[in-house]
> 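Right, I'll just put the structure down here and ask away after.
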Amino acid sequence: KKSKVAESQDFIMAMDRMYGMVRTDLEALEGRIELIQFAMEEAGLEAEQVSDYLYAKHAKERNDFINKLRPELMDGSGMTNDEAEEILEELASPQMEAVAKLVYEVLENTRESMVEGGLERRERIEAWENQYDHYVPLSGRAYDEMEDSEQYYPTGGAGMAIYGATTKAAKGRPSKTGVNLIANVIMQNAMVQQRARKDQAMLSLYNLVKNNPNEDVWNIYSAESPKYHIDREGNTTPMNEFEMRANRHMVPIRINGDQHFIYFKKTEYADVLNGMTEQKLDGVLSMMSGPMSLMRNAFTQYNPAFFIGNFFRDINGAVYNVISEIERSDGIISGYNINTKDFTKALVAQSFKTLKILLNEVAFDKEMTPEMRELVREWEAAGGRTGFSYSENINSYVEKLKKGVETKVGVSAKIKGTYAWETTADFFNHIANINEAFENSIRLAAYIEARKAGVSIGKSAQLSKNITVNFNKSGEWGASLNQVFLFFNASVQGLTRFGRTFASNQADLPDNPDEKKSWRNRITKPQKLAAGATLLSSMQTLINIALSGRDDDDELYYNKIADYKKERGFVIMTGEKDYITIPLGYGYNLFNNFGTMLAEVAAGQRQFDDASLFMALSAHSSFSP
């Protein structure tokens with residue numbers, strides 16, 4: 001029987017939550033960008049002017065510091081003190097200082113995130129803060145420095161590996177940087193947020209390994225407890241930090257500003273975490289990325305007809321999934337003494353309530369109650385949302401933030417408090433936000449009901465992420481295949497979720513061995529629900545056939561209903577010709593389809609071969625939006 005690990009060691013939960021937490025961080029950063037843009041627009045300032053002002057304010061103190069380290073370099077910031085004085089004299093104003101204050105607040109958040117994320121020691125950050133009064137990052141290649149090191153940002157690289165200090169010592173520069181300093185500040189903050197969240201997720205794996213050491217599988221090491229080289233004579237010498245980083249068995253992690261490593265005996269495991277298995281898009285696939293994304297969005301995010309049907313399909317699937325997570329021995333919310341029937345009923349009812357609340361805010365600009373706003377903030381901070389709609393690449397999102405402060409752009413509708421969209425993109429973003437309200441209503445409802453049932457914040461957020469398809473999950477080839485097949489990753493993740501829901505892994509079985517063998521005891525509640533759906537569809541199909549009238553060609557009106565409608569919806573005849581359809585869950589519609597085909601074949605309304613083909617095509621497309 002599987003047992004659960006402590007939440008501090010639950011790496012799967014940490015990974016599930018990480019993307020949503022990064023999203024919340026970046027949205028907070030986006031809000032700061034909008035405030036900076038708004039302040040600049042109100043003051044009539046350009047981004048380049050603000051950048052020059054920030055540079056000039058920092059130049060003298062940077063020059064003094066670098067000159068102590070390298071006396072031969074008089075102007076270590078790349079700007080002379082005289083140039084700085086001229087710029088300050090020209091640009092200084094209360095409005096400029098107000099904008100600068102907003103930029104410094106972003107820098108303060110960056111430094112705090114380094115400490116809270118475990119990337120740096122607080123003493124180091126405090127020493128850095130005490131060193132300068134008007135610090136801004138000057139990293140970046142100047143126009144006339146072709147051999148200068150390129151701009152450094154702490155991304156942590158691909159995968160989950162976190163190696164090296166997040167801060168970089170100032171070495172001085174002989175010429176002025178050509179980088180927009182506001183963009184520098186924004187990019188630095190975004191990358192630190194991402195790196196800190198990765199490190200926090202890796203800490204749960206570190207704790208799991210630390211509490212379950214096994215040299216034949218994994219272990220942990222640091223500079224204080226290094227791994228050893230063993231030569232042919234059996235002599236041992238400790239590996240230094242750089243040797244451990246170069247070792248393919250090692251995955252680096254920062255803990256309270258110090259470098260540690262997780263060792264895996266099998267390099268395949270370390271390769272995944274180090275990002276060495278990540279497939280890069282070649283030229284052709286990169287070119288296809290834009291058109292394929294547009295097609296996906298046109299079918300889903302930008303398509304109002306998709307929203308309602310998708311909402312009902314997700315509710316259908318959520319019922320199956322939440323029952324599984326309560327019943328499984330390793331279920332996300334198993335062990336909390338939750339009544340399955342009461343919880344699923346409450347989940348469905350809460351989904352409609354949260355949908356109304358989210359739509360009122362997004363579509364009609366109505367404020368939430370303070371209690372609901374606090375719940376939503378808690379849910380967002382816990383990482384209960386998908387990272388970005390249909391798994392938008394986080395680095396792509398960061399680039400958009402950076403470009404937002406490098407170019408002069410209009411102030412968003414959120415700041416202006418109006419829906420007078422300035423661009424077509426604003427309009428489509430508004431439509432996408434409405435779609436997300438439908439998408440997230442069920443996730444938020446799952447979080448709320450789990451919290452009411454006494455489930456921890458972490459587990460509630462994990463349930464929220466996995467109550468339907470978790471779009472943030474992907475395999476090695478996911479990015480490439482998603483550019484060739486529409487909704488490839490969504491379909492794979494839907495199939496994975498389906499498999500987990502119907503796998504037999506019950507937490508509570510009879511103690512008597514003979515009773516355990518009985519199929520009645522071993523069948524799970526989702527499996528029973530699926531059998532009930534099959535029977536219900538069979539009965540409803542027979543009723544539909546009986547109620548249906550005949551057209552002039554003596555064919556039943558029911559038989560003229562398009563197969564794709566029967567495949568995706570629960571058909572109910574409301575008259576001789578008229579009918580309605582209720583959307584069925586992704587994948588879970590297979591059980592309803594099977595019941596429908598059984599009834600149609602039994603009633604002589606469809607040939608067996610035709611029914612088999614219908615089921616095959618249904619299985620092929622059931623998991624795709």
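Quick caveat, the model's predicted, so the values are computed rather than measured. Below, each value reflects all heavy atoms present in this structure, side chains not excepted, and no hydrogens, waters or symmetry copies.
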> Once you round to the nearest 0.5 Å, how far does CG of Leu358 lie from CG of Asn440?
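It is 7.0 Å, given to the nearest 0.5 Å.
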> Under 4.5 Å between any side-chain heavy atoms of Lys560 and Ser548, yes or no?
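No, every pair of side-chain atoms sits at 4.5 Å or beyond.
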> Is a side-chain donor or acceptor of Asp551 paired with a backbone partner of Asp553 at a separation under 3.5 angstrom?
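No, because the side chain of Asp551 does not come within donor-acceptor range (under 3.5 Å) of the backbone of Asp553.
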> To the nearest 0.5 Å, how far apart are NZ in Lys345 and CD in Glu449?
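Going from the NZ atom of Lys345 to the CD atom of Glu449 covers 12.0 Å.
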> When rounded to the nearest 0.5 angstrom, what distance separates CD in Glu600 from CG in Asn559?
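Atom-to-atom, Glu600:CD and Asn559:CG are 6.5 Å apart.
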> Determine whether more than 12 heavy atoms belonging to other residues, nucleotides or ligands lie under 6.0 Å from atom CD1 of Ile308.
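Open: at most 12 neighbouring heavy atoms sit under 6.0 Å from CD1 of Ile308.
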> Check this for me, if you would: do Arg23 and Glu380 make a salt bridge, where the nitrogen-to-carboxylate-oxygen distance has to be below 4.0 angstrom?
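Not counted as a salt bridge, because no side-chain N and carboxylate O are separated by less than 4.0 Å.
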> Over all heavy atoms of both residues, which pair between Glu567 and Asn589 is shortest? Give the atoms and the distance, please.
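Closest approach of Glu567 to Asn589: O-ND2, 2.8 Å.
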> By the definition side-chain contact (heavy atoms from CB on, under 4.5 Å), identify the one residue from Leu205, Val209, Asn212 that meets it with Gln9.
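With Gln9 as partner, Leu205, Val209, Asn212 yield a single side-chain contact (heavy atoms from CB on, under 4.5 Å), made by Asn212.
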> Side-chain contact test, heavy atoms from C-beta onward, threshold under 4.5 Å: evaluate it for Asn544 versus Tyr579 and give yes or no.
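Not in contact.
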> I'd like to know if the side chain of Thr344 and the backbone of Val319 have a donor-acceptor N/O pair within less than 3.5 Å.
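No, Thr344 side chain to Val319 backbone: no donor-acceptor pair under 3.5 Å.
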> Report yes if some heavy atom in the side chain of Leu355 is under 4.5 Å from a heavy atom in the side chain of Phe311; otherwise report no.
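Of all side-chain heavy-atom pairs linking Phe311 with Leu355, at least one is under 4.5 Å.
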> Within 45° of the six-membered ring axis of Tyr558 and under 6.0 Å from that ring's centre, is NZ or CZ of Lys566 located there?
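Lys566 over Tyr558 ring: yes.
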> Does any N or O in the side chain of Ser622 come within less than 3.5 Å of the main-chain N or O of Gly587, such that one atom is a donor and the other an acceptor?
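Between the backbone of Gly587 and the side chain of Ser622 there is no qualifying donor-acceptor contact (under 3.5 Å).
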> Hey, does Met573 have a side-chain heavy atom less than 4.5 Å from the side chain of Ile543?
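In short, these two side chains do not touch, never coming nearer than 4.5 Å.
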> Is there a donor-acceptor pair closer than 3.5 Å between any side-chain N or O of Asp578 and the backbone N or O of Thr574?
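No, the answer is negative, given that no donor and acceptor are paired below the 3.5 Å cut-off.
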> Is atom OH of Tyr269 surrounded by more than 12 heavy atoms (other residues, nucleotides or ligands) closer than 6.0 Å?
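No, OH of Tyr269 has 12 or fewer neighbouring heavy atoms, counting only those of other groups under 6.0 Å.
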> Main chain of Gln200, side chain of Ser204: is a donor-acceptor contact present, judged purely on distance under 3.5 Å?
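Looks like no, no N/O pair under 3.5 Å.
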> Decide yes or no on side-chain contact (heavy atoms from CB on, under 4.5 Å) for Ile572 and Gln540, but give the supporting numbers first.
CA-CA 7 Å; Ile572 301 175; Gln540 183 60 48; 3.9 Å; yes
> Going through the checks in order, is the side-chain hydrogen bond (donor to acceptor under 3.5 Å, both in side chains) test met by Thr496 and Arg500?
CA-CA 6 Å; Thr496 303; Arg500 175 178 171 84; over 6 Å; no
> Heavy atoms, side chains only, cut-off 4.5 Å: are Thr24 and Trp379 in contact?
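The answer is no; the side chains never approach within 4.5 Å.
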> Which residue in the set Arg443, Lys465, Arg17, Glu27 passes side-chain contact (heavy atoms from CB on, under 4.5 Å) when paired with Arg385?
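Between Arg385 and the candidates, side-chain contact (heavy atoms from CB on, under 4.5 Å) is satisfied uniquely by Glu27.
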> Work out which heavy atom in Gly494 is nearest to a heavy atom in Val469; give both atom names and the distance.
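Looking at all heavy atoms of both residues, the shortest contact is CA-CG2, 3.7 Å.
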> Please report the C-alpha distance between Ile333 and Val322 in whole Å, then the side-chain angles of each, then the deciding distance to 0.1 Å, and finally whether the side-chain contact (heavy atoms from CB on, under 4.5 Å) criterion is met.
CA-CA 9 Å; Ile333 55 173; Val322 78; 4.3 Å; yes
> For Phe502, is there any backbone N or O sitting under 3.5 Å from a side-chain donor or acceptor partner on Gln527?
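Answer holds: yes.
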> Under 3.5 Å, is there a donor-acceptor pair between the side chain of Ser334 and the main chain of Glu327?
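Judged by distance alone, no pair lies under 3.5 Å.
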> Walk me through it: do Tyr586 and Asn316 pass the test side-chain contact (heavy atoms from CB on, under 4.5 Å)?
CA-CA 8 Å; Tyr586 296 109; Asn316 185 205; over 6 Å; no
> Before giving the answer on ring pair (Phe, Tyr, Trp, His ring centres under 6.0 Å), spell out for Tyr320 and Phe498 the whole-Å C-alpha distance, their side-chain angles and the decisive distance to 0.1 Å.
CA-CA 9 Å; Tyr320 284 93; Phe498 182 87; 8.2 Å; no
> Hey, does Phe591 have a side-chain heavy atom less than 4.5 Å from the side chain of Ser537?
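No, their side chains stay 4.5 Å or more apart.
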> I'd like to know whether Val5 forms a side-chain contact (heavy atoms from CB on, under 4.5 Å) with Phe11, so could you lay out the CA-CA distance, the side-chain angles of the two residues, the decisive distance to 0.1 Å, and finally the verdict.
CA-CA 9 Å; Val5 298; Phe11 183 54; over 6 Å; no
> Heavy-atom count around Glu555 CD within 6.0 Å, excluding the residue itself: above 12?
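Correct, the count exceeds 12.
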> Grab the two heavy atoms, one from Asn592 and one from Ala533, that are nearest each other, plus how far apart they are.
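In this case the closest contact between Asn592 and Ala533 is ND2-O, 3.8 Å.
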> What heavy-atom pair brings Ser456 and Arg451 nearest, and what distance separates the two atoms?
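Distance-wise, the nearest heavy atoms are C-NH1, 3.8 Å.
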> Would you check if the side chain of Asn466 reaches a backbone N or O of Gln462 as a donor-acceptor pair within less than 3.5 Å?
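Side chain of Asn466 to backbone of Gln462: a pair is present.
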> Does CG belonging to Asn337 count more than 12 external heavy atoms closer than 6.0 Å?
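Open.
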> State whether the number of non-hydrogen atoms from other residues, nucleotides or ligands found under 6.0 Å of Phe623 atom CZ is greater than 12.
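Above 12, so yes.
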> Let me confirm one number: the CG-OH distance from Asn211 to Tyr206, rounded to the nearest 0.5 Å.
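If we round to the nearest 0.5 Å, Asn211:CG and Tyr206:OH are 10.0 Å apart.
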> For Ser441, does its backbone N or O pair with a side-chain atom of Thr354 as donor and acceptor, under 3.5 Å?
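Looks like yes, one N/O pair under 3.5 Å.
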> Are Ile467 and Leu347 side-chain neighbours, meaning at least one heavy-atom pair lies under 4.5 Å?
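Heavy-atom side-chain distance check passes, below 4.5 Å.
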> Are Val455 and Leu463 side-chain neighbours, meaning at least one heavy-atom pair lies under 4.5 Å?
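No - every pair of side-chain heavy atoms lies 4.5 Å or more apart.
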> Any donor-acceptor pair under 3.5 Å linking the side chain of Ser464 with the backbone of Ser460?
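Side chain of Ser464 to backbone of Ser460: no pair is present.
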> Hey, are Lys459 and Asp10 close enough for a salt bridge, meaning a charged N less than 4.0 Å from a carboxylate O?
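Yes.
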> Could you grab the distance from atom OH of Tyr588 to atom CG of Asn321, nearest 0.5 Å is fine?
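Rounded to the nearest 0.5 Å, the OH-CG separation comes to 3.5 Å.
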> Is it the case that Ser618 and Asn593 place a side-chain donor and acceptor less than 3.5 Å from each other?
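There is such a pair (donor and acceptor under 3.5 Å, judged by atom type) between the side chains of Ser618 and Asn593.
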> So for atom CD1, which belongs to Ile12, do other residues, nucleotides or ligands contribute more than 12 heavy atoms lying within a distance under 6.0 Å?
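For Ile12, atom CD1 is not crowded (no more than 12 foreign heavy atoms under 6.0 Å).
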> Testing the basics here: between Ile523 and Lys528, what is the closest heavy-atom pair and its distance to 0.1 Å?
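Minimum heavy-atom separation between Ile523 and Lys528: CG2-CE, 3.3 Å.
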> Restricting to non-hydrogen atoms, name the atom on Thr581 and the atom on Gly569 that form the minimum distance, rounded to 0.1 Å.
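Distance-wise, the nearest heavy atoms are CB-CA, 4.4 Å.
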> How many angstroms lie between atom CD of Gln350 and atom CZ of Phe343, to the nearest 0.5 angstrom?
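Answer for the CD-CZ pair, Gln350 versus Phe343, is 10.0 Å.
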